[in-house]
Amino acid sequence: MPSNPILMNIKYLAATLLSLSVLFYVGACAYLYFGQRALLYFPTPDVDVSNATVIALESDGATLRIWQLGPASENAVIYFGGNAEDVSQNIPSFIQAFPERSVYLVNYRGYGGSTGVPTEAGLFTDALAVFDFVQAKHTSVAVVGRSLGSGVAVYLATARDVKKLVLVTPYDSIENIARKQFPLFPISLLLQDKFTSSLRAKSITIPTRLILAENDEVIPRESSVALAAAFPPATATVNVVTGATHNSIGMSDDYWMLLRQFL
């Protein structure tokens, strides 16, 4: 029986479309794998500050720039910011909120004049170096981590003697957030920097406060709630800043009041 040219054309077209779909999917996976850190980290430019002491700290091949604020004190606060946050913008607010404390604002590697390239492992290594430097000068060290920095802060609390922990607009894990944003892709296989805070939170027993933005458009509320639930009972408290978004929470008086009350 002679072949049907229309049917053959349909099969050829279907095979071509399938091949193109596979190529597109593989290409998209490759883009997510090799370009993922450009999607996760948004380094800030180098800036000059006049109202803080500049500290250059060596850490695993990188030189970190840290802004030190306030007087010499027994009590210190280390702040890890968000993924596109210029932490120097917080200097006036931290000086006003904690006039009797020493405060250290950390520029991640690759951020704000710090050398190196940001990765999860690099940020964790740097957090240890910063904490050890600060602890050598102070009796009590509290840690605040905002957004991306919440994952760094959670890790640090599992590895060092942090006295109190504050997590601002935090997530349970970058992996879970990425999985929701890219549901068609094998995120667990592609993702290199997973920041699995919810798994680490299970071993944290120090007083912890989670501060959420009511209208957070970046971190889903369920992600922050899942992180809070991962802590041991009676360890973590949750506060919501009314009317705040992910990026505007730092401009809220209620946010700074919650920080002062807890620390």
Side-chain angles (χ1 to χ4, degrees), residues 40-42 44-45 47 49 51-52 66-70 73 75-108 111-112 141-154 156-157 162-172 174 177 195 197-198 201 204 206-231 235-263:
L40 178 58
Y41 303 107
F42 299 91
T44 55
V47 296
V49 298
N51 49 354
I66 302 169
W67 314 133
Q68 181 181 1
L69 321 175
S73 170
N75 301 314
V77 177
I78 301 174
Y79 179 77
F80 299 101
N83 69 351
E85 182 180 356
D86 177 0
V87 294
S88 70
Q89 296 298 313
N90 297 292
I91 290 176
S93 296
F94 270 105
I95 290 176
Q96 182 178 1
F98 302 105
E100 299 179 354
R101 280 180 179 260
S102 297
V103 179
Y104 297 83
L105 309 182
V106 180
N107 289 295
Y108 301 127
Y111 284 66
V141 182
V143 173
V144 179
R146 178 177 174 181
S147 193
L148 173 66
S150 68
V152 179
V154 166
L156 185 56
V162 175
K163 295 304 181 184
K164 287 187 176 182
L165 178 65
V166 180
L167 306 175
V168 184
T169 59
Y171 47 83
D172 55 345
I174 293 294
I177 291 178
F195 289 93
S197 293
S198 57
I204 296 176
I206 61 172
T208 301
R209 170 166 285 184
L210 283 72
I211 304 179
L212 315 184
E214 180 185 27
N215 301 317
D216 197 322
E217 72 284 15
V218 177
I219 304 298
R221 174 66 64 86
E222 58 266 25
S223 178
S224 298
V225 171
L227 175 62
F231 283 87
T235 298
T237 58
V238 178
N239 298 93
V240 179
V241 178
T242 304
T245 64
H246 188 83
N247 293 318
S248 71
I249 190 171
M251 295 182 285
S252 168
D253 291 339
D254 290 341
Y255 165 69
W256 290 102
M257 180 189 68
L258 289 168
L259 280 182
R260 287 195 300 270
Q261 286 179 343
F262 187 70
L263 298 179

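We count residues from 1, following the sequence as given.
Contact annotation: the side chain of V141 approaches that of I78 to within less than 4.5 Å [non-hydrogen atoms, C-beta and beyond]. For the pair L263/V166, a side-chain contact is recorded, criterion being any heavy-atom separation below 4.5 Å from C-beta on. No side-chain heavy atom of F262 sits under 4.5 Å from any side-chain heavy atom of L165. Using a 4.5 Å heavy-atom cutoff, the side chains of F80 and L156 are in contact. Side-chain atoms of F195 and V152, non-hydrogen and from C-beta on, do get closer than 4.5 Å to each other. Contact check for N90 versus Y79: side-chain heavy atoms found under the 4.5 Å cut-off.
Closest approach of S224 and P170 over heavy atoms only: OG-O, 2.5 Å. Residue L227 comes nearest to A201 through the heavy atom pair CD1-CB, 4.1 Å, listed as atom of the first residue, atom of the second, then distance. Across A157 and V162, no two heavy atoms sit closer than the pair CA-CG2, 3.9 Å. Of all heavy-atom pairs spanning S88 and V49, the tightest one is CB-CG1, 3.8 Å.
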Side chain to side chain contact (heavy atoms under 4.5 Å, CB included) for V47 and W67? Distances and angles first, verdict last. CA-CA 11 Å; V47 296; W67 314 133; 4.1 Å; yes
Start with the C-alpha gap between V106 and V87, add the side-chain angles, then the distance that decides, and say whether side chain to side chain contact (heavy atoms under 4.5 Å, CB included) holds. CA-CA 7 Å; V106 180; V87 294; over 6 Å; no
Apply side chain to side chain contact (heavy atoms under 4.5 Å, CB included) to residues I66 and N107 and explain how you reach the verdict. CA-CA 6 Å; I66 302 169; N107 289 295; over 6 Å; no
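Annotation: side chain to side chain donor-acceptor pair (under 3.5 Å) contacts of Q68 (sequence neighbours excluded): Y104. Residues forming a salt bridge (Lys or Arg N to Asp or Glu O under 4.0 Å) with E222 (at least two apart in sequence, or on another chain): K180. Residues that satisfy the side-chain contact (heavy atoms from CB on, under 4.5 Å) test with Q261, not counting sequence neighbours, are R209, M257, L258. Every residue two or more places apart in sequence or in another chain that forms a side chain to side chain donor-acceptor pair (under 3.5 Å) with D172 is listed here: N176, S223. Residues that satisfy the side-chain contact (heavy atoms from CB on, under 4.5 Å) test with V154, not counting sequence neighbours, are L167, S197, R200, I204. Shown here are the salt bridge (Lys or Arg N to Asp or Glu O under 4.0 Å) partners of K163, two or more places apart in sequence or in another chain: D161. Every residue was checked against the ring-ring contact (aromatic ring centres under 6.0 Å, His included) condition with Y171, not counting sequence neighbours, and none meets it. Taking S102 as the reference, nothing meets the side chain to side chain donor-acceptor pair (under 3.5 Å) condition, with sequence neighbours excluded. Every residue meeting the side-chain contact (heavy atoms from CB on, under 4.5 Å) condition with V238, not counting sequence neighbours, appears here in chain and number order: L210, L212, A228.
Note that CZ of R221 is 11.5 Å distant from OG1 of T169, once rounded to the nearest 0.5 Å. Note that CG of N239 and CD1 of I211 are 6.5 Å apart. Values are rounded to the nearest 0.5 Å. If you take CG on L148 and CZ on F42, they are separated by 10.5 Å, rounding to the nearest 0.5 Å.
In this structure, E214 contributes its side chain and V240 its backbone to no donor-acceptor pair below 3.5 Å. Here the side chain of Y111 pairs no donor or acceptor atom with the backbone of Y41 at under 3.5 angstrom. Using a distance-only test at 3.5 Å, with no hydrogens or angles considered, no donor-acceptor pair links the side chain of S150 to the main chain of G145. Using modelled atom types, no side-chain atom of K164 and backbone atom of T208 make a donor-acceptor pair closer than 3.5 Å.
The side chain to side chain donor-acceptor pair (under 3.5 Å) contacts involving residues 246-257 comprise S147-H246, D216-H246, T245-S248, where partners must be two or more places apart or lie in separate chains. Among pairs with a residue in residues 80-108, those fulfilling salt bridge (Lys or Arg N to Asp or Glu O under 4.0 Å) read E85-R146, at least two apart in sequence or across chains.
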